[in-house]
Amino acid sequence: MQKIVTIVGARPQFIKSLPVSNQIRKSFREVLVHTGQHYDNNMSAVFFEEMGIPEPDYNLGVGSGTQAGQTAQMLERIERVLLDEKPDTLLIYGDTNSTLAGALAASKLHVPIAHVEAGLRSFDKKMPEEVNRIVADHVSEYLFCPTQTAVDNLKNEGITEGVELVGDVMYDAALHFGAIADSKSDILDKLGVAAGDYLLATIHRSSNTDIVDNLKVLLEVLVESGQSIVFPVHPRTRKVVNESGLQKIIDGSKVRLTDPVGYIDFLKLEKNAAKILTDSGGVQKEAFFFAVPCITLRDTTEWVETVESGWNVLVHVDKELILRKISDFAPTGTPAQLFGDGKAAQYIAERLTT
Ligand code: UD1
Ligand code: UDP
């Protein structure tokens with residue numbers, strides 16, 4: 001049986017990996033490697049437990065660090081695993097430092113690489129993720145694209161071989177776990193919010209957290225909107241809020257900061273929100289899947305279809321502009337099915353088998 005080593009490390013990668021693991025384990029031996037990039041229980045273990053993601057065969061325990069420091073440690077440790085395991089293929093997801101390290105380590109050892117979520121581009125090389133995507137795509141043999149835009153982006157960079165339009169594995173996951181969220185999650189009751197009567201916010205992009213003034217403006221916007229807002233706070237953002245004394249902006253307001261929540265509860269919060277404010281890639285897409293209007297707190301997005309369809313709007317950090325969108329942004333109609341048919345993981349496994 002052929003062997004695949006899969007690299008995951010960050011919250012969205014655990015979610016993306018499950019549908020694919022379920023499919024590839026029918027025909028391959030999968031060795032699951034967790035780099036340890038995310039390590040808090042509510043950023044890692046909760047997903048393995050509630051989604052039934054297989055226990056990792058390795059946890060490399062890399063943890064947090066600078067961009068280069070974190071990536072360098074991953075590189076060394078992933079190389080050791082690849083030398084021991086001698087896989088036929090390396091499977092990587094998305095655009096994190098775990099993705100980059102996996103891609104570099106495998107390419108130097110001539111292990112063929114399969115990249116899930118290939119071809120995404122924001123055309124902003126100041127985002128660490130953009131550099132990771134470009135490198136990963138240029139060393140991969142199999143490029144599994146979620147959208148036609150991704151296929152076109154690769155073509156523009158001269159990459160046409162090994163490119164497959166399969167749809168989005170996050171759509172596969174959202175369909176399955178969205179139904180479970182409907183029936184099982186009691187998060188609305190727990191937080192004391194009613195369906196359709198609150199906004200959901202997430203912020204973690206470096207441009208919105210490393211520049212403290214940007215985060216300050218965003219928190220002020222949430223408060224000044226006067227809306228009831230649920231905001232599960234990413235640890236990166238929590239650190240800045242705590243260290244920069246921004247908590248006082250929120251105190252006494254209708255903005256509810258919580259710890260990050262599990263996937264099933266988060267899907268429930270998304271599906272029932274009146275609007276979503278986010279700088280997350282995955283959350284923009286999930287808003288679209290569930291036909292919830294999305295205000296994206298960034299100048300660019302890789303998920304351009306969501307904007308072109310009218311269900312997502314990009315806003316830079318400008319208080320008046322964001323407040324206006326919170327009150328006025330009201331797309332109508334039904335979003336088209338742009339992210340596949342919910343079987344992306346199956347198509348990936350089939351392609352890897354042939
Ligand atoms: C990473 C990815 C980003 C992705 C995000 C998903 C890169 C370059 N970025 O960003 O593309 O959207 O994951 O959430 O790979 N921290 C904790 N506990 C944890 C994890 C992180 O406290 O379990 C804190 C640490 O202070 C750390 C900071 O968050 O320094 C940032 O974590 P890191 O994994 O470097 O980047 P993310 O912002 O999470
Ligand atoms: N998510 C979650 N709990 C939260 C916030 C997000 O389970 O408190 C899920 C969300 O449903 C989506 C993924 O995490 O599937 C998005 O991850 P994140 O925003 O961290 O990263 P990005 O998609 O921007 O890379």
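Atoms within a ligand are numbered from 1 in the order they appear, just like the ligands themselves. The figures that follow rest on heavy atoms only: side chains count, while hydrogens, waters and symmetry mates do not. Numbers for residues simply follow the sequence, beginning at 1.
- Looking at Phe266 against ligand 2, only its side chain comes within 4.0 Å, counting heavy atoms.
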Practice item. Check step by step if side-chain hydrogen bond (donor to acceptor under 3.5 Å, both in side chains) holds for Gln67 and Asn97. Key: CA-CA 8 Å; Gln67 292 290 320; Asn97 288 345; 3.2 Å; yes

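- In this comparison of Gln37, Gln13, Met74, the heavy atom closest to atom 1 (C) of ligand 1 sits on Gln37.
- Among Glu130, Arg238, Arg11, Gln70, the residue whose heavy atom lies closest to atom 35 (O) of ligand 1 is Gln70.
- When only interatomic distances are considered, the shortest N/O to N/O separation between Gly282 and ligand 2 falls below 3.5 Å.
- Ligand 1 has at least one atom lying under 4.0 Å from a heavy atom of His234.
- Distance from atom 24 (O) of ligand 2 to its nearest protein heavy atom, with residue and atom name: Arg205 NH2, 2.7 Å.
- Heavy atoms of Thr202 stay at 4.0 angstrom or farther from ligand 2.
- If you run side-chain hydrogen bond (donor to acceptor under 3.5 Å, both in side chains) between Tyr58 and each of Arg77, Glu85, His34, only Glu85 comes through.
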Practice item. Go through the steps for Glu164 and Arg351 under the test salt bridge (Lys or Arg N to Asp or Glu O under 4.0 Å), then give the verdict. Key: CA-CA 9 Å; Glu164 297 274 338; Arg351 180 70 186 84; 2.8 Å; yes

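- Salt bridge status for Arg25 with Glu30: present, with a side-chain N to carboxylate O gap under 4.0 Å.
- Between His204, Arg236, His38, it is His38 that holds the heavy atom closest to atom 39 (O) of ligand 1.
- Here is the list of ligand 1 atoms found below 4.0 Å of a heavy atom in Lys239: 26 (O).
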